[in-house]
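The chain is numbered in sequence order, starting from 1.
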Amino acid sequence: MTLRTRVRAPLTPLESDVMGAVWDKGPCPVETVYEVVSRKRDLKETSVRTILRRLEQKGYLKHQEQGRAYVYRAVEPARSLAARAVRQIVDSFCKGSVEELVSGMVEARVLSKDELDRLEQYVRERRKGG
């Protein structure tokens with residue numbers, strides 16, 4: 001199984017907050033991640049270190065040593081991770097059909113008219129080679 005198709009353990013809400021900090025800030029040391037996450041959550045820096053190590057074990061992050069500090073970076077952008085997660089949903093619940101997923105979202109009114117319009121515009125631009 002390649003890294004692209006490897007299924008990773010899902011993120012907990014706290015792990016999502018930590019990943020969000022890394023995605024927003026780019027490669028960053030523990031202290032920066034702690035600064036961002038601690039604005040929303042009452043955590044100790046040691047807890048953030050533990051979560052970062054766990055995310056690295058799960059395959060979401062990698063680190064480099066810079067002096068005595070670890071600098072963490074995401075293995076892939078949030079958008080790519082989301083796309084793969086949706087692909088797993090499509091394969092599991094929609095018989096592999098993206099059309100079935102999108103039509104279900106439209107019928108269930110998950111997508112607003114504005115979102116549908118933006119999606120339509122995006123598809124048109126992609127078809128033109130944009």
Go through the steps to decide whether Arg53 and Tyr72 satisfy the test side-chain contact (heavy atoms from CB on, under 4.5 Å), and finish with yes or no. CA-CA 10 Å; Arg53 279 194 308 272; Tyr72 286 89; 4.0 Å; yes
Please lay out, stage by stage, how Leu43 and Ser38 fare under the test side-chain contact (heavy atoms from CB on, under 4.5 Å). CA-CA 6 Å; Leu43 290 174; Ser38 66; 5.5 Å; no
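Between Val37 and Ala21 the shortest heavy-atom distance is CG2-CB, 4.2 Å. The minimum heavy-atom distance linking Leu61 with Glu56 is given by the pair O-CG, 3.3 Å. Minimum heavy-atom separation, Leu11 to Ser16: CB-OG, 3.5 Å.
Side-chain N or O atoms of Glu15 include none that pairs as donor or acceptor with a backbone N or O of Ile51 at under 3.5 Å. The main-chain N or O of Gly96 is found under 3.5 Å from a side-chain atom of Arg87 such that the two form a donor-acceptor pair. No side-chain donor-acceptor contact under 3.5 Å links Glu107 to the backbone of Gly104. Ser103 contributes a side-chain N or O that, together with a main-chain N or O of Glu99, makes up a donor-acceptor pair within less than 3.5 Å.
In this structure the side chain of Phe93 never reaches within 4.5 angstrom of the side chain of Gln88, judged on heavy atoms. When side chains are defined from C-beta on, Pro27 does not count as touching His63, because their heavy atoms never get closer than 4.5 Å.
In the hydrophobic clustering of ILVMFWY residues, with side-chain heavy atoms under 4.5 Å counting as a link, Val30 and Val71 come out apart. Val110 and Val98 fall within the same hydrophobic cluster, defined by Ile, Leu, Val, Met, Phe, Trp and Tyr side-chain heavy atoms under 4.5 Å apart, directly or through other members. Following chains of ILVMFWY side-chain contacts shorter than 4.5 Å, one can reach Leu81 starting from Val33, so the two form part of one hydrophobic cluster. Using a 4.5 Å cut-off between side-chain heavy atoms of Ile, Leu, Val, Met, Phe, Trp and Tyr, with links allowed through other members, Leu116 and Tyr122 fall into different hydrophobic clusters. Note on Tyr70 and Val22: same hydrophobic cluster, where clusters join Ile, Leu, Val, Met, Phe, Trp and Tyr whose side-chain heavy atoms are under 4.5 Å apart, directly or indirectly.
To the nearest 0.5 angstrom, Thr50 atom OG1 is 11.5 Å from Lys44 atom NZ. With rounding to the nearest 0.5 angstrom, the CZ atom of Arg54 is 8.0 Å from the CG atom of Leu14. The distance from atom CD1 of Ile89 to atom CZ of Arg84, rounded to the nearest 0.5 Å, is 12.5 Å. A distance of 11.5 Å separates CG in Asp114 from CG in Leu119, rounded to the nearest 0.5 Å.
Counting only residues at least two apart or on different chains, the side chain to side chain donor-acceptor pair (under 3.5 Å) pairs with a member in residues 19-37 are Glu31-Arg49.
Of the listed residues (Arg124, Glu125, Arg118), just one forms a side chain to side chain donor-acceptor pair (under 3.5 Å) with Gln121, and that residue is Glu125.
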